[in-house]
Amino acid sequence: MAILDVNMQNRKILPILQVGDVLLSPDIITECFCCDYEKCKGICCVEGIAGAPVTLEEIGEIEEVLDDVWQDLSPQAQSVIDRQGVAYTDQDGDLVTSIVNGKDCVFTCYDHGNCLCALEKACRDGKTTFMKPISCSLYPIRAKRFDNGMVGLNYHRWDVCKDAVVLGKCLDMPVYRFLKEPLIRCFGEEWYAELEALAAEVNHLNQ
């Protein structure tokens, strides 16, 4: 656990943090966020220019549960999957979920105008055990794995999530605490405990 490159003349400047083999932007600790689904209606599933980042392992898991979610997908989404599969390589060379009309994730389904993830819906209904890609669960954190084995975590700001920022501030909910479950899923409980200890140190420095 470490705080790297702290400006000693201004202890509030924290360029980079480290817990184990994970590097974190400090705003994951200092900024607040809490999804406000009543306001956004799940718009993050249908906005953007590429699908959600996925791993080869996740692609395999999605393909295994495809029959369980197929009827919840739109005809357009079914057509895209039939043509190119559940994922493709985007312009940055990353594997991402397939999309419809240049933006909508193929696994988006709707309930009275609200956007839902068909993968998550099937899991919550007890039909499958695969929730959804970890990149979706971790949002607004974006993760990048480096060649040396280190992982970088950054807080991604998006105007469609402005209501989540407002709610997070009202609830005094920092990003890392809002994402406790997926962070533990990724890195383990011991790692998260170290992150909490580092957050306490950062908050002390910022007082």
Which pairs of donor and acceptor atoms, one on a side chain in residues 52-79, lie under 3.5 Å apart (sequence neighbours left out)?
from  : atom 1 : to     : atom 2 : distance (Å)
Thr55 : OG1    : Glu58  : N      : 3.0
Glu58 : OE1    : Thr55  : N      : 3.0
Glu58 : OE2    : Ile134 : N      : 2.8
Ser74 : OG     : Ala77  : N      : 3.0
Gln78 : NE2    : Trp70  : O      : 2.9

Nearest 0.5 Å please: distance from the [atom1] atom of [X] over to the [atom2] atom of [Y].
X      : Y      : atom1 : atom2 : answer
Glu31  : Ser25  : CD    : OG    : 9.5 Å
Leu95  : Ser135 : CG    : OG    : 11.0 Å
Asn154 : Arg142 : CG    : CZ    : 11.0 Å
Leu119 : Cys136 : CG    : SG    : 8.5 Å

Indicate yes or no: at least one non-hydrogen side-chain atom of [X] is less than 4.5 angstrom from one of [Y].
X      : Y      : answer
Asp27  : Arg157 : yes
Leu183 : Ile141 : yes
Lys132 : Ser137 : yes
Leu116 : Thr108 : no
Met150 : Arg145 : no
Trp158 : Pro140 : no
Ile29  : Leu24  : no
Val166 : Asp36  : no

Evaluate the side-chain contact (heavy atoms from CB on, under 4.5 Å) criterion for residues Leu153 and Ile28: first the C-alpha distance (whole Å), next the side-chain angles of each, then the deciding distance (0.1 Å), finally the verdict.
CA-CA 8 Å; Leu153 301 181; Ile28 289 173; 3.7 Å; yes
Chi angles and distances behind the side-chain contact (heavy atoms from CB on, under 4.5 Å) call for Leu195, Val19
CA-CA 6 Å; Leu195 174 60; Val19 179; 4.3 Å; yes
For Val202 and Thr30: C-alpha separation, side-chain torsions, deciding distance, then whether side-chain contact (heavy atoms from CB on, under 4.5 Å) applies.
CA-CA 8 Å; Val202 168; Thr30 59; 4.0 Å; yes
Please check this pair: side chain of [X] against backbone of [Y], looking for a donor-acceptor N/O pair closer than 3.5 Å.
X      : Y      : value
Ser98  : Val106 : no
Gln18  : Gly20  : yes
Asn203 : Ala199 : yes

Single-linkage hydrophobic cluster, 4.5 Å side-chain cutoff, [X] and [Y] together:
X      : Y      : answer
Ile184 : Trp191 : yes
Met131 : Phe107 : no
Ile81  : Tyr88  : no

With a cut-off of 6.0 Å (strictly less than), are more than 12 heavy atoms of other residues, nucleotides or ligands near [atom1] of [X]?
X      : atom1 : value
Asn101 : CG    : no
Asn148 : CG    : yes
Glu189 : CD    : no

Which atom pair, heavy atoms only, marks the closest approach of [X] to [Y]?
X      : Y      : answer
Tyr110 : Cys115 : CE2-SG, 3.5 Å
Cys186 : Leu138 : SG-CD1, 3.8 Å
Cys109 : Lys121 : SG-CD, 4.1 Å
Leu171 : Cys34  : CD1-SG, 3.9 Å

Do any side-chain atoms of residues 172-181 form donor-acceptor pairs under 3.5 angstrom with protein atoms, and if so which ones, sequence neighbours left out?
from   : atom 1 : to     : atom 2 : distance (Å)
Arg177 : NH1    : Asp172 : O      : 3.4

Verdict with reasoning, Lys162 to Val165, per side-chain contact (heavy atoms from CB on, under 4.5 Å):
CA-CA 5 Å; Lys162 60 183 181 296; Val165 175; 5.6 Å; no
